[in-house]
Amino acid sequence: MLSGRRLDLVNPAAIDIEIEDIAHGLSRVARWNGQTIGDYPFSVAQHSLLVEDIFTETNPNASNEDRLVALLHDAPEYVIGDMISPFKAVLGDQYKSFEHSLQRAIHIRFGLPATCSDTLNKAIKQADNISAWIEATQLAGFSESEALNIFGPKPEDFTGIVLHSKATHAVKNEFLERFDALIE
């Protein structure tokens with residue numbers, strides 16, 4: 001990692017995880033395999049910020065800890081990249097096991113529960129799906145009917161969100177600022 005840490009991918013240790021590495025990596029990993037409009041790819045870091053915003057909006061009583069879990073929901077992708085769901089399904093349980101192992105180490109590193117409740121996971125997944133719907137229709141060329149078939153109904157409460165991809169350094173800084181605000 002750029003921080004100088006050496007991360008064992010088979011057995012990741014929390015001590016080897018740095019938020020700067022996560023923010024740097026996620027700001028450079030493109031969602032939708034880079035197939036989005038705009039001058040910059042829409043990054044996983046920008047997606048993570050959006051998911052945390054939506055999660056907070058739909059769960060106004062959520063703790064900062066829960067909001068931090070939402071922000072870090074795709075954090076393993078700083079190492080493994082962003083893979084589309086159908087490809088993850090083909091890779092199967094071994095991929096999921098690896099992803100979960102890295103997610104546990106990330107959670108432990110930042111004082112979060114190694115595993116989260118089903119209720120919290122479902123709430124974050126709901127925000128993730130809303131984000132995906134908005135990204136698909138605004139950035140990735142999906143029609144509303146295609147998004148309906150894949151992600152479900154249009155998220156009416158979030159029609160005011162307008163997405164624009166941002167430069168890597170700007171997204172990295174936003175991600176770090178949001179992390180700092182939630183970790184205090």
Side-chain angles (χ1 to χ4, degrees), residues 19 21-60 62 66-96 98-100 102-103 106 120-179 182:
I19 193 59
D21 291 331
I22 293 171
H24 183 80
L26 293 183
S27 70
R28 292 172 178 246
V29 174
R31 294 267 297 159
W32 307 98
N33 290 328
Q35 300 299 308
T36 55
I37 62 168
D39 292 335
Y40 305 98
F42 191 78
S43 71
V44 174
Q46 198 170 350
H47 163 77
S48 297
L49 288 160
L50 178 59
V51 168
E52 191 267 325
D53 281 344
I54 293 168
F55 172 79
T56 299
E57 180 75 22
T58 57
N59 299 275
D66 290 347
R67 294 165 69 188
L68 185 58
V69 171
L71 181 68
L72 296 173
H73 80 283
D74 279 340
E77 293 179 10
Y78 90 101
V79 174
I80 59 177
D82 184 33
M83 286 189 236
I84 58 174
S85 296
F87 190 59
K88 286 181 184 179
V90 169
L91 295 176
D93 290 339
Q94 189 171 15
Y95 174 83
K96 287 179 186 176
F98 176 76
E99 184 179 41
H100 288 134
L102 189 51
Q103 188 74 56
I106 291 166
L120 178 58
N121 287 332
K122 286 178 186 174
I124 293 169
K125 188 62 179 170
Q126 177 189 20
D128 194 27
N129 284 338
I130 292 169
S131 176
W133 203 102
I134 296 167
E135 292 169 30
T137 56
Q138 290 189 24
L139 301 171
F142 284 56
S143 68
E144 288 194 8
S145 62
E146 289 172 314
L148 173 67
N149 288 335
I150 297 169
F151 305 110
K154 182 177 183 177
E156 296 296 337
D157 293 342
F158 298 94
T159 55
I161 293 175
V162 178
L163 300 178
H164 302 283
S165 57
K166 298 178 184 178
T168 300
H169 68 278
V171 175
K172 177 182 175 180
N173 290 337
E174 280 183 50
F175 188 93
L176 288 170
E177 287 171 10
R178 190 69 197 131
F179 175 86
L182 293 172

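Positions are given from 1 along the sequence. These numbers were taken from a predicted model, which means no experiment stands behind them.
Classification of the Trp32-Phe151 ring pair by plane angle, with boundaries at 30° and 60°, yields perpendicular.
Here the side chains of Phe55 and Leu71 are not in contact, with every heavy-atom distance at 4.5 Å or above. Ile124 has its side chain out of reach of Glu52: every pair of non-hydrogen atoms, C-beta onward, lies at least 4.5 Å apart. A heavy-atom distance below 4.5 Å is not found between the side chains of Arg28 and Ser43. A 4.5 Å side-chain heavy-atom check between Lys154 and Leu148 finds every atom pair outside the cut-off.
Under a cut-off of 6.0 angstrom, the local environment of CG in Asn149 is crowded, with over 12 non-hydrogen atoms contributed by other residues, nucleotides or ligands.
Between His24 and His169, the gap from one ring centroid to the other reaches at least 6.0 Å.
Formation of a donor-acceptor pair under 3.5 Å by the His73 side chain with backbone atoms of Ala70 is found in this model. Remark: side-chain polar atoms of Gln138 are paired, donor with acceptor, to backbone N or O of Leu163 under 3.5 angstrom. Without hydrogens or angle criteria, Gln103 side chain to Leu72 main chain gives a donor-acceptor distance under 3.5 Å. Distance alone, capped at 3.5 Å, places no donor-acceptor pair between the Ser165 side chain and the Phe42 backbone.
Note that NZ of Lys125 is 10.5 Å distant from CG of Asn121, once rounded to the nearest 0.5 Å. In this structure, CG in Asp74 is found 9.0 Å from OG in Ser131, a value given to the nearest 0.5 Å. Residue Glu77 holds its CD atom at 6.5 Å from CD of Glu99, rounded to the nearest 0.5 Å. Between the CG atom of Asn129 and the CD1 atom of Ile134 there is a distance of 11.0 Å, given to the nearest 0.5 Å. One distance of note links CH2 of Trp133 with CD1 of Ile130; it measures 11.0 Å at 0.5 Å rounding. Once rounded to the nearest 0.5 Å, the distance linking OG1 of Thr56 with CZ of Arg67 reads 4.0 Å.
For Ala23 against Phe175, the heavy-atom pair with the smallest separation is CB-CD2, 3.6 Å. For the pair Asp82 and Val29, the tightest heavy-atom approach, listed with the atom from each and the gap, is N-CG1, 3.6 Å. A pairwise comparison of heavy atoms in Pro76 and Ile106 identifies N-CD1, 3.8 Å as the closest pair. Taking every heavy atom of both residues into account, His164 and Gln46 meet most closely at O-NE2, 2.7 Å. Of all the heavy atoms in Lys166 and Tyr40, the pair that sits closest is O-CB, 3.4 Å. Residue Thr36 comes nearest to Pro41 through the heavy atom pair OG1-CA, 4.1 Å, listed as atom of the first residue, atom of the second, then distance.
Between the side chains of His47 and Asp128, at least one donor N or O sits under 3.5 Å from an acceptor N or O.
Partner Phe158 forms a side-chain contact (heavy atoms from CB on, under 4.5 Å) with one of Ile54, Leu50, Asp53 and no other, that one being Ile54.
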